[in-house]
Amino acid sequence: MEKVIVGVSGGVDSAVALFLLKKEGYDVEGLFMRNWDSGINNDIDGNPNFGMSICPQEQDYNDALKLCNDMGVKLHRVDFIKEYWDYVFTYFLDELKKGRTPNPDMLCNKYIKFDLFIKEARKLGAKYVATGHYARLENGKLKRSVDLNKDQTYFLADVKREQFKDVLFPVGDYTKPEIRKIAKDNNLVVAEKKDSTGICFIGERNYQKFVQNYLVPNEGDIVDIETLKVIGVHTGLMNYTIGQRRNVGISGNESRHFVCGKDTEKNILYVTFGDSEYLYSDECIIENINFISDIHPVFCSAKFRYRGEDVQVQLEYLENDLIKVKYMEKVKAVTPGQACVLYLGDECLGCGFIKEVRKNNEKLWYL
RNA sequence: UGCCUCGUAGCCAAGUGGUAAGGCAUCAGACUUUGACUCUGACAUUCCGAAGGUCCGAAUCCUUCCGAGGCAG
């Protein structure tokens, strides 16, 4: 029987992945991965769990262990704490320092889950490696999951196509409710466990405090982009993303405010009010392109943010591995550092990272 | 010093005699493997700068005081 190593996180999705593969007759074993250690990584401020006897990760491990024991499956465990720090977290901090909005989970998939993790699984004799991602692989093509609401291809778009060789996504063919039902019907211990959110491996917490464990906050002016008047004080540019409304710390205005830009040189945060033109753009330039597909189209659709709308776009392939992405209609809050993921129908073609945001053939000066 | 305007929750702000709109912020949820966005709910239980007065009844009218700003000299 061919051996499959399943990345077991302690959540429902990977539990069902494990269950489905075992049912299909594979020789399955679980591998639990740990990439973050609050003590080693000095993650203290804003950590609701610091000092608790059982941190959520250990709880997850216990759940995974119980699950595997119930199913008669062997569970292995591996730590990539240093590697996560070196490959993912330093990038995360570097991007923040530049005033951009990084997506650490995409790097985690690229460098940890679909690289180091797979290598570890190979050591354990794996022919295939499976995870609980909502995505599908068909003939080397990455496709959106059946449940479009849960589709996670956005996070997988920066993984190289070779890395998907021998990868299985068993839950991608089901909807979330079906996954829950399978878990329940088969008495998997984690059937009722709440979905986790937040940066994976780090979890949910007060974001600003979390970041302040690593970056020194540098206060500066909040400026109304319309009048260029100073209307408040920001707590450090790394604490804001484009399109953000909450936690900006200004009030008393007629309509809602949104962050629309930053000036890292002058340490200024720009805000605008209501459904302002300053939030919209009509094209952007993306860098660090990764194509999973052979198709390099001129017309396709794109997502500029996880769970964002699919937007029809036109691609212009530039020199130096850059692509200009023109959108058929204006898009709100396209943010440097975020991934622009390309799709053709159900197929996820790949992605690039937003380098420059433009409107009317000019780079937006305030971004 | 004389005259004028204004003073409503953390902020902005409706309401000019009939028993305190709304927005922002905040808090709690929903949604969500990236801080977002979006959505739902809570938010001045006699109170409208303070103290008196008129009235069946005032934040709304009158008096005085306090405070902010403006005009005059």
Side-chain angles (χ1 to χ4, degrees), chain A residues 7 9-14 33 35-36 46 56-57 60 88-89 91-93 95-96 99-110 112-113 131-135 145 147-158 171 176 193-212 214-215 217 222 224 231-232 234-260 262 269 271-276 279-280 303-309 331-341 351 353-354:
Chain A
S9 68
V12 237
D13 299 328
S14 59
M33 176 171 37
N35 297 332
W36 189 258
Q57 285 178 50
D60 287 339
V88 180
F89 205 65
Y91 148 85
F92 176 71
L93 297 179
E95 287 284 284
L96 288 178
R100 310 200 337 155
T101 304
N103 187 327
D105 289 352
M106 291 185 74
L107 280 257
C108 175
N109 283 329
K110 180 181 185 177
I112 309 291
K113 287 182 186 163
T131 69
H133 284 96
Y134 283 83
S145 64
D147 188 338
L148 292 177
N149 184 49
K150 292 296 293 185
D151 176 52
Q152 291 169 332
T153 51
Y154 183 91
F155 292 107
L156 298 170
D158 196 35
V171 306
K176 183 77 190 195
K193 192 167 169 181
K194 193 179 183 309
D195 288 5
S196 67
T197 59
I199 299 173
C200 84
F201 299 113
I202 297 175
E204 299 179 60
R205 67 222 13 251
N206 181 310
Y207 180 82
Q208 295 196 0
K209 282 187 182 165
F210 169 69
V211 170
Q212 281 173 22
Y214 308 98
L215 296 177
I222 298 179
D224 177 350
I231 56 172
H234 73 248
T235 57
L237 291 180
M238 76 287 274
N239 292 324
Y240 307 87
T241 187
I242 307 304
Q244 179 172 339
R245 177 167 73 84
R246 313 204 63 115
N247 272 318
V248 175
I250 54 174
S251 66
N253 301 100
E254 222 170 277
S255 55
R256 296 177 159 179
H257 59 261
F258 296 94
V259 172
C260 68
K262 319 176 168 186
L269 185 75
V271 297
T272 187
F273 296 90
D275 194 33
S276 155
L279 287 167
Y280 290 86
K303 266 191 211 291
F304 296 94
R305 211 145 186 151
Y306 177 57
R307 292 179 67 78
E309 289 291 308
V331 178
K332 197 171 185 176
V334 173
T335 306
Q338 288 285 287
C340 167
V341 177
C351 73
F353 289 85
I354 298 161

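Proteins come first, then strands; the chains are lettered A, B, ... in the order of their sequence lines, and each starts at number 1. These numbers come from a predicted model, not from an experiment.
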Nearest to the side chain of [X] - [options]?
X: Tyr154(A); options: U33(B), U34(B), U32(B); answer: U34(B)
X: Pro104(A); options: U34(B), U33(B), C37(B); answer: U34(B)
X: Lys194(A); options: U33(B), U32(B), U34(B); answer: U32(B)
X: Gln244(A); options: A36(B), U33(B), C24(B); answer: A36(B)
X: Gln338(A); options: U34(B), C31(B), U26(B); answer: U34(B)
X: Phe155(A); options: C24(B), C27(B), U33(B); answer: U33(B)
X: Asn247(A); options: U38(B), U26(B), U34(B); answer: U26(B)
X: Asn103(A); options: U34(B), U38(B), U33(B); answer: U34(B)

**Request:** Could you list the residues that satisfy salt bridge (charged side-chain N to carboxylate O under 4.0 Å, His left out) with Arg305(A), not counting sequence neighbours?
**Result:** none

Nearest-Å distance once atom [atom1] is located in both [N] and [M]:
N: C62(B); M: C4(B); atom1: P; value: 12 Å
N: U38(B); M: U46(B); atom1: C1'; value: 38 Å
N: G41(B); M: G23(B); atom1: P; value: 11 Å
N: G7(B); M: G15(B); atom1: P; value: 11 Å
N: A44(B); M: A14(B); atom1: C1'; value: 14 Å
N: A25(B); M: A13(B); atom1: C1'; value: 14 Å
N: A20(B); M: U33(B); atom1: P; value: 45 Å
N: A30(B); M: G22(B); atom1: P; value: 25 Å

**Request:** Please figure out whether Arg256(A) or Lys262(A) has its closest RNA chain B nucleotide nearer the 5' end.
**Result:** Arg256(A)

**Message:** Check this for me: does any side-chain nitrogen of one of Lys110(A) and Asp158(A) sit under 4.0 Å from a carboxylate oxygen of the other?
**Reply:** yes

**Heavy-atom donor-acceptor pair, Lys303(A) side chain to Val341(A) backbone, under 3.5 Å** = no

**Asked** Taking Thr335(A) for the side chain and Ala333(A) for the main chain, is one N or O donor matched with an acceptor at less than 3.5 Å?
**Response** yes

Just to confirm, is there a sub-4.0 Å distance from OP1 or OP2 of [N] to any side-chain nitrogen or oxygen of [X]?
X: Lys150(A); N: U33(B); result: yes
X: His257(A); N: G23(B); result: no
X: Tyr306(A); N: U33(B); result: yes

Please classify the nucleic acid contact of [X] as base, sugar-phosphate, or nothing, using heavy-atom distances under 4.0 Å.
X: Phe258(A); value: sugar-phosphate
X: Arg245(A); value: sugar-phosphate
X: Asp13(A); value: nothing
X: Ile250(A); value: sugar-phosphate

**Item:** Cation over ring face, Lys113(A) and Phe155(A), 6.0 Å, 45°
**Value:** no

